[in-house]
Amino acid sequence: MTMTVTAQYTSAAADGSGSSGGGGVASPQSATTTVHPVCWYEQDKTGADLAQEIDSYDSQFVKEWLGRKYDGYEDHAGDADGHWYTPTCDYRYYRGDKPGEFRAFTQIWMLTASAMWVPAGGVPPEPVIDGATLARAA
(Lines give C-alpha, C1' and ligand atoms only; values in the text may rest on other atoms or scores of the structure.)
Protein backbone atom coordinates (compact mmCIF):
# COMPACT_ATOMS: atom_id res chain seq x y z
CA MET A 1 0.00 0.00 0.00
CA THR A 2 1.22 3.48 -0.75
CA MET A 3 0.06 6.23 1.54
CA THR A 4 0.36 10.00 1.14
CA VAL A 5 -0.02 12.30 4.12
CA THR A 6 -0.52 16.01 3.56
CA ALA A 7 -0.32 18.67 6.24
CA GLN A 8 -0.83 22.39 5.86
CA TYR A 9 -0.18 25.14 8.31
CA THR A 10 -0.13 28.92 8.18
CA SER A 11 2.71 30.74 9.83
CA ALA A 12 2.17 33.93 11.77
CA ALA A 13 2.98 37.18 10.04
CA ALA A 14 6.08 39.15 11.00
CA ASP A 15 3.94 41.39 13.23
CA GLY A 16 2.74 38.31 15.20
CA SER A 17 -0.75 38.28 13.76
CA GLY A 18 -2.37 35.28 12.16
CA SER A 19 -2.90 34.80 8.48
CA SER A 20 -5.80 37.23 8.18
CA GLY A 21 -4.23 40.05 6.21
CA GLY A 22 -1.05 40.07 8.33
CA GLY A 23 1.22 38.50 5.73
CA GLY A 24 1.20 34.90 7.02
CA VAL A 25 2.46 32.17 4.70
CA ALA A 26 0.58 28.92 4.01
CA SER A 27 2.98 25.96 3.85
CA PRO A 28 1.62 22.70 2.51
CA GLN A 29 3.79 19.62 2.98
CA SER A 30 3.28 16.07 1.88
CA ALA A 31 5.18 12.83 2.23
CA THR A 32 4.65 9.49 0.53
CA THR A 33 5.59 6.17 2.04
CA THR A 34 5.04 2.54 1.22
CA VAL A 35 3.45 0.41 3.92
CA HIS A 36 3.77 -3.37 3.81
CA PRO A 37 1.14 -5.27 5.81
CA VAL A 38 2.36 -7.08 8.92
CA CYS A 39 0.19 -10.07 7.98
CA TRP A 40 -1.08 -11.13 4.58
CA TYR A 41 -2.00 -14.14 2.45
CA GLU A 42 0.83 -15.71 0.49
CA GLN A 43 0.38 -17.91 -2.58
CA ASP A 44 0.97 -21.56 -1.76
CA LYS A 45 0.65 -24.81 -3.69
CA THR A 46 -1.81 -25.72 -6.41
CA GLY A 47 -4.68 -27.99 -5.43
CA ALA A 48 -3.03 -30.98 -7.12
CA ASP A 49 0.39 -30.34 -5.54
CA LEU A 50 -1.07 -29.92 -2.06
CA ALA A 51 -3.18 -33.07 -2.30
CA GLN A 52 -0.17 -35.04 -3.52
CA GLU A 53 1.92 -33.72 -0.61
CA ILE A 54 -0.72 -34.51 2.02
CA ASP A 55 -1.27 -37.99 0.61
CA SER A 56 2.48 -38.69 0.70
CA TYR A 57 2.66 -38.52 4.51
CA ASP A 58 2.63 -41.79 6.44
CA SER A 59 1.43 -40.12 9.61
CA GLN A 60 -2.35 -40.00 9.96
CA PHE A 61 -1.92 -37.20 12.50
CA VAL A 62 -0.08 -35.02 9.95
CA LYS A 63 -2.68 -35.79 7.27
CA GLU A 64 -5.51 -34.77 9.61
CA TRP A 65 -3.71 -31.62 10.77
CA LEU A 66 -3.03 -30.50 7.19
CA GLY A 67 -6.58 -31.44 6.22
CA ARG A 68 -7.87 -29.04 8.89
CA LYS A 69 -5.43 -26.32 7.83
CA TYR A 70 -6.46 -26.67 4.18
CA ASP A 71 -10.15 -27.33 4.74
CA GLY A 72 -11.69 -28.90 1.64
CA TYR A 73 -8.38 -29.64 -0.05
CA GLU A 74 -9.85 -32.88 -1.45
CA ASP A 75 -12.28 -30.82 -3.55
CA HIS A 76 -9.33 -29.27 -5.41
CA ALA A 77 -7.05 -32.32 -5.63
CA GLY A 78 -7.30 -32.45 -9.43
CA ASP A 79 -6.80 -28.72 -9.99
CA ALA A 80 -3.31 -27.81 -11.24
CA ASP A 81 -4.16 -24.18 -12.02
CA GLY A 82 -5.73 -22.67 -8.90
CA HIS A 83 -3.73 -22.02 -5.72
CA TRP A 84 -4.09 -22.11 -1.99
CA TYR A 85 -3.23 -18.91 -0.14
CA THR A 86 -1.96 -19.20 3.41
CA PRO A 87 -1.82 -16.56 6.14
CA THR A 88 1.63 -15.36 7.12
CA CYS A 89 3.13 -12.59 9.26
CA ASP A 90 6.59 -11.06 9.39
CA TYR A 91 8.15 -9.00 12.18
CA ARG A 92 10.23 -7.03 9.65
CA TYR A 93 7.07 -5.13 8.66
CA TYR A 94 6.00 -4.34 12.20
CA ARG A 95 6.55 -0.65 12.87
CA GLY A 96 6.06 -0.72 16.61
CA ASP A 97 8.67 -0.99 19.30
CA LYS A 98 7.02 -3.59 21.54
CA PRO A 99 7.50 -7.23 20.45
CA GLY A 100 4.64 -8.26 22.76
CA GLU A 101 2.20 -6.17 20.71
CA PHE A 102 3.42 -7.86 17.53
CA ARG A 103 2.89 -11.30 19.07
CA ALA A 104 -0.59 -10.42 20.30
CA PHE A 105 -1.60 -8.95 16.93
CA THR A 106 -0.31 -11.89 14.92
CA GLN A 107 -1.81 -14.48 17.26
CA ILE A 108 -5.25 -12.94 16.84
CA TRP A 109 -4.84 -12.66 13.08
CA MET A 110 -3.53 -16.19 12.64
CA LEU A 111 -6.37 -17.61 14.74
CA THR A 112 -8.99 -15.91 12.57
CA ALA A 113 -7.32 -16.31 9.17
CA SER A 114 -7.32 -19.65 7.42
CA ALA A 115 -5.94 -21.01 4.17
CA MET A 116 -8.09 -19.95 1.23
CA TRP A 117 -8.59 -21.58 -2.14
CA VAL A 118 -8.45 -19.26 -5.17
CA PRO A 119 -9.32 -20.77 -8.56
CA ALA A 120 -7.28 -19.91 -11.66
CA GLY A 121 -8.11 -16.35 -12.72
CA GLY A 122 -9.58 -15.60 -9.29
CA VAL A 123 -8.58 -12.65 -7.15
CA PRO A 124 -6.23 -13.46 -4.26
CA PRO A 125 -7.28 -12.24 -0.81
CA GLU A 126 -6.28 -8.64 -0.17
CA PRO A 127 -4.01 -7.93 2.78
CA VAL A 128 -5.43 -5.87 5.60
CA ILE A 129 -3.26 -3.15 7.06
CA ASP A 130 -4.31 -2.44 10.61
CA GLY A 131 -4.88 1.11 11.82
CA ALA A 132 -1.92 1.08 14.20
CA THR A 133 0.48 0.25 11.36
CA LEU A 134 -0.99 3.05 9.22
CA ALA A 135 -0.76 5.52 12.10
CA ARG A 136 2.88 4.63 12.76
CA ALA A 137 3.68 5.02 9.07
CA ALA A 138 2.01 8.44 8.97
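- When the side chains of ILVMFWY residues are joined at heavy-atom separations under 4.5 Å, either directly or via intervening members, Met116 and Trp65 end up in two distinct hydrophobic clusters.
- Residue pairs meeting the disulfide bond (SG atoms under 2.5 Å apart) criterion with at least one partner in residues 52-86, sequence neighbours excluded, are absent.
- Classification of the Trp40-Tyr93 ring pair by plane angle, with boundaries at 30° and 60°, yields perpendicular.
- Within 6.0 Å of atom CD in Glu126, 12 or fewer heavy atoms from other residues, nucleotides or ligands are found, so the atom counts as exposed in its surroundings.
- When all heavy atoms of Tyr41 and Ala113 are compared, the pair lying nearest together is OH-CB, 3.4 Å.
- Pairing each heavy atom of Pro99 with each of Tyr91, the nearest pair is CG-OH, 3.9 Å.
- Annotation: Phe102 is not in aromatic contact with Phe105 [ring centroid separation under 6.0 Å not met].
- The neighbour count for Gln52 CD, taken as heavy atoms of other residues, nucleotides or ligands under 6.0 Å away, does not exceed 12.
- Note that the CG atom of Leu50 and the CG atom of Asp79 stand 11.5 Å from one another [nearest 0.5 Å].
- Considering SG of Cys89 and CZ of Arg103, their distance stands at 13.5 Å, rounded to 0.5 Å.
- The hydrophobic clustering, which links ILVMFWY residues whose side-chain heavy atoms are closer than 4.5 Å, places Tyr94 and Met110 apart.
- Using a 4.5 Å heavy-atom cutoff, the side chains of Gln43 and Pro124 are not in contact.
- Interatomic distance, OH of Tyr57 versus CD of Glu64, reported as 14.5 Å (0.5 Å rounding).
- Among all heavy-atom pairs drawn from Pro125 and Tyr85, the shortest one is CD-CG, 4.0 Å.
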Requested in this report: In sequence, state the C-alpha distance, the side-chain angles, and the governing distance for Asp44 and Tyr70, and then conclude on side chain to side chain contact (heavy atoms under 4.5 Å, CB included).
Outcome: CA-CA 11 Å; Asp44 203 345; Tyr70 296 95; 2.5 Å; yes
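- Between the Lys69 side chain and the Ala115 main chain, no donor and acceptor come within less than 3.5 Å of each other.
- Side-chain contact between Ile54 and Lys63 is present, with heavy atoms from C-beta onward closer than 4.5 Å.
- Nearest heavy-atom pair, Trp109 versus Pro87, reported as atom, atom and distance to 0.1 Å: CZ3-CB, 3.1 Å.
- Annotation for Asp49 and Thr46: closest pair N-OG1, 3.0 Å, computed over non-hydrogen atoms.
- To the nearest 0.5 Å, atoms OG (Ser114) and CH2 (Trp84) are separated by 8.5 Å.
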